[in-house]
Amino acid sequence: MNDEVKPAGLTVLVSVRIDPTSGRATRSRADAAAVALAQKALGDRSEPRLCTVGDMPESVMRDYLAQGVGRLVRLRHRGDGSEGDVVAALEGACRDGGPVLAGPRAESGFGSGLLPYALARRLQWPVINEVVDLLREPDGGWRVVQALPRGARHSWRLERGVAAVLVTSPRLEQREDLPRRYSWVAAQAGRIVETAVGAPLPAEEKGAAWNLEPARRQRRPLAPVSTESGAARMARATGSADSGRKGGTVIREGSVMEKAQLLLDHLCKLSLVRPPG
Amino acid sequence: MIRRVDPRRPALITPQGLRRIVLGGTEGERDVRPAGDAHAAVRRARLARPAASCLLVVTHPDSGGIDEHARETIAAAALLARPDEAVVVVVPSTEASLQLDAAALGIDRLEMLPHTEATAADALVEAVAERWRALRPRLTLVPDRGDDADLARRLAVAQALSVAAPVVEIADGRARLRDQGAVGRSTGDATASLDELDLLVVARQVARTELPFLGLGEHFTLEAPGARAMAGLRDLGRMGGRAQQVALEEAEFILAAGNGVTDVKLFHELAEALGAAVGASRVAVDDGRFPRSQQIGATGRTVQARGYLAMGISGAVQHLQGIRECRHVMAVNTDPAAPIAQRSELTVAEDVQNLMRALLTLVRATPEPLEVAR
């Protein structure tokens with residue numbers, strides 16, 4: 001198909017974002033960040049393969065190409081656009097292309113974030129989520145850095161020749177050392193390759209019937225039917241009844257050192273500070 | 001003549017637990033009730049008879065406890081459960097102990113799934129899927145965050161479940177999602193009947209956590225899944241984050257300064273030594289002692305730290321709004337009658353500068369601050 005891209009490259013799945021205010025189709029910010037990450041990981045030697053399925057306006061495809069990528073493959077499947085069809089279409093395109101980068105969830109449609117997992121299941125590849133960094137190792141393997149809560153990081157090594165589905169982290173968009181290029185020349189010079197994918201097998205799918213409705217302004221949380229009296233509700237609303245708000249212990253006596261020691265003991269008990277020794 | 005209301009007029013307690021006054025009646029109890037004890041005592045177990053089926057909740061603990069998002073998910077399951085359905089919560093945990101009152105959260109059966117850091121995600125999902133096949137829950141609910149979101153999606157594809165993610169509202173037997181639109185279709189909502197769904201991955205604020213009933217609160221421990229390495233994938237280990245570099249919203253421990261803190265340098269040294277993120281009240285920020293990005297409160301940030309140590313903060317309502325979801329609040333203030341003392345579990349009445357100096361001396365004596373590596 002393409003000779004200049006080596007098999008050990010990277011595939012990035014790109015999608016459309018619908019701007020919630022204007023309703024216009026734009027490129028997805030998460031996917032643009034994933035393209036930038038792939039470009040940084042591959043360096044100047046090769047470029048990532050961009051891949052999309054289904055409807056994507058040409059302007060959006062050109063927006064992705066404007067990041068400095070030579071070509072974008074659009075797969076056209078003959079199914080009705082269900083997730084099974086999309087995964088079946090992507091399977092063939094991704095199988096030989098090395099690790100696949102995908103955004104955490106789509107910015108159009110329902111955004112369930114299931115597609116990368118379904119694709120990985122079909123390809124029998126491992127999934128790594130919350131990816132914030134991807135580095136090429138000298139021997140051809142990959143070093144994948146996962147973002148955990150509270151700034152912690154978890155590193156993985158993908159051996160040479162092993163592929164995985166990498167789901168990027170929402171934090172990737174906030175990385176400031178990943179410039180999103182926009183070059184008009186690249187956008188015009190890039191090639192859009194349309195590929196038709198054969199009809200998928202008619203999979204027996206279990207899925208709910210979704211009703212589309214206009215958005216409701218206010219969401220109501222699920223709440224128990226209240227059996228308490230009006231007086232109790234009023235007392236709860238003003239906070240005068242809540243026994244939890246009566247305050248805790250107050251330390252008044254003792255020297256400063258003793259008070260500090262009590263506070264530190266309490267912090268140790270909550271394991272917020274490591275106890276001495 | 002002014003007719004006076006007798007504060008000790010007799011009142012009956014109805015079978016629903018409501019206090020009812022019958023005008024002119026002479027029967028019933030005559031004591032004056034203190035305000036507020038209303039119905040705190042009458043919470044009863046929701047399940048009266050043995051459960052025929054169940055609803056399943058899967059959630060990871062957050063630093064030794066169950067966080068607000070998971071509590072909302074469990075409450076949603078308890079509210080959705082029919083009278084003969086139990087609420088089963090599977091908690092994959094790396095820690096042996098978990099501080100939690102299962103019954104008060106509405107949990108009927110708490111199943112701990114012990115595992116280690118080395119357990120592969122696939123092995124963990126296989127263990128959860130096995131529980132799913134054994135229990136056959138009508139619905140499975142998982143909070144849509146971090147590890148739980150990952151686990152839910154792995155479970156969904158492994159078991160080919162009918163999924164709704166992320167659910168923003170559950171009402172009238174239907175789950176509601178946000179539809180972000182597509183080419184030629186504007187944004188809106190999408191709803192589906194709960195009967196057709198197996199797995200709900202729920203967003204924040206889907207249910208209220210105050211429940212009028214209790215769960216049974218039974219504890220069980222499941223068998224630990226075997227450590228299974230994924231071929232070609234090697235774990236290179238974890239690295240803790242530095243508390244000062246983490247966004248305030250996800251900090252575990254916050255040291256916050258108010259008007260009482262005049263020695264800012266000392267304050268920062270203490271935060272560094274304790275391994276805490278730095279926050280400030282509006283007064284301290286307006287004074288120029290701290291950047292606007294560190295302001296906590298109604299006009300600043302809302303934080304969910306596990307520990308919050310307020311230094312010289314009196315606790316205006318706007319500030320208390322910002323720390324509403326903090327689990328353990330401690331305060332140091334010269335005035336122990338300040339509003340922050342109502343909110344905090346431990347209040348030290350002392351001059352802030354002196355106490356910070358003493359605390360710094362004590363912390364420096366200990367080997368090193370806690371590395372928050374989680």
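Sequence lines set the chain letters: A, B, ... in the order given, protein chains first and strands last, and positions in each chain run from 1.
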Top contributor to chain B contacts, counting heavy-atom pairs under 4.5 Å, from Arg24(A), Arg157(A), Glu159(A), Arg153(A): Arg157(A)

Side-chain heavy-atom pair Trp210(A), Asp179(B) within 4.5 angstrom cut-off: no

Lys269(A) bridged to Asp265(A) by N-O distance under 4.0 Å: no

Residue pairs, two or more places apart or on separate chains, that pass salt bridge (Lys or Arg N to Asp or Glu O under 4.0 Å) and touch residues 161-177 of chain A: Glu130(A)-Arg171(A), Asp133(A)-Arg175(A), Arg171(A)-Glu250(B), Arg175(A)-Asp177(A)

Side chain / backbone / both / neither for Pro224(A) at chain B, heavy atoms under 4.5 Å: both

Between Val256(A), Asp55(A), Val167(A), the one whose heavy-atom pairs under 4.5 Å with chain B are most numerous: Val256(A)

Contact class of Ala164(A) relative to chain B, heavy atoms under 4.5 angstrom: neither

Which of Val168(B), Asp195(B), Leu197(B) touches chain A most, by non-hydrogen pairs under 4.5 Å: Val168(B)

Donor-acceptor pair between Ser155(A) and Gln146(A) side chains, under 3.5 angstrom: no

Most contacts with chain A, counted as non-hydrogen pairs under 4.5 angstrom, among Ala121(B), Ala156(B), Ala171(B), Ala158(B): Ala158(B)

Basic-acidic side-chain contact under 4.0 Å: Arg174(B), Glu169(B): no

Portion of Val127(A) that has a non-hydrogen atom of chain B nearer than 4.5 angstrom: both

Salt-bridge contact Asp67(B)-Arg327(B) (side-chain N to carboxylate O under 4.0 Å): no

Val332(B) portion near chain A, given a 4.5 angstrom heavy-atom threshold: side chain

Rounded distance (nearest 0.5 Å) linking atom CG of Leu79(B) with atom CD1 of Ile170(B): 9.5 Å

Contacting region of Leu309(B) [heavy-atom separation from chain A under 4.5 Å]: side chain

Stepwise side-chain contact (heavy atoms from CB on, under 4.5 Å) check, Gln180(B) with Ile18(A): CA-CA 7 Å; Gln180(B) 300 170 95; Ile18(A) 304 296; 5.7 Å; no

Atom group of Arg145(B) that falls short of 4.5 Å from chain A, counting heavy atoms: neither

Backbone N/O of Leu151(B) and side chain of Tyr117(A): donor-acceptor pair under 3.5 Å: no

Donor on one side chain, acceptor on other, Thr191(B) and Asn211(A), under 3.5 Å: no

Under 4.5 Å from a heavy atom of chain B, the part of Glu258(A) involved: neither

Pick from Met330(B), Glu72(B), Arg185(B) with the largest number of heavy-atom pairs that fall under 4.5 Å of chain A: Met330(B)

Best-contacting candidate, Ala165(B), Gly232(B), Ala349(B), Ala175(B), against chain A by heavy atom pairs under 4.5 angstrom: Gly232(B)

Max heavy-atom pair count under 4.5 Å with chain A, selected residue of Thr187(B), Val348(B), Leu346(B), Asn354(B): Leu346(B)

Engaged part of Asp122(B) at the chain A interface, taking heavy atoms whose separation is under 4.5 Å: neither

Contact class of Arg17(A) relative to chain B, heavy atoms under 4.5 angstrom: neither

Side chain / backbone / both / neither for Arg219(A) at chain B, heavy atoms under 4.5 Å: both

Ionic contact status for Asp144(B) with Arg105(A), cut-off 4.0 Å: yes

Audit row: Leu134(A), Trp142(A), side-chain contact (heavy atoms from CB on, under 4.5 Å) steps and yes/no: CA-CA 7 Å; Leu134(A) 183 63; Trp142(A) 295 98; 3.9 Å; yes

Choice from Val250(A), Val145(A), Thr249(A) maximising heavy atom contacts with chain B below 4.5 Å: Thr249(A)

Partner set under salt bridge (Lys or Arg N to Asp or Glu O under 4.0 Å) for Arg160(A), not counting sequence neighbours: none

Engaged part of Val183(B) at the chain A interface, taking heavy atoms whose separation is under 4.5 Å: both

Greatest number of heavy atom pairs closer than 4.5 Å to chain A - which of Ser186(B), Ala358(B), Ala149(B), Gly146(B): Ala358(B)

Contact winner vs chain B - Leu267(A), Val16(A), Val225(A), heavy-atom pairs under 4.5 Å: Leu267(A)

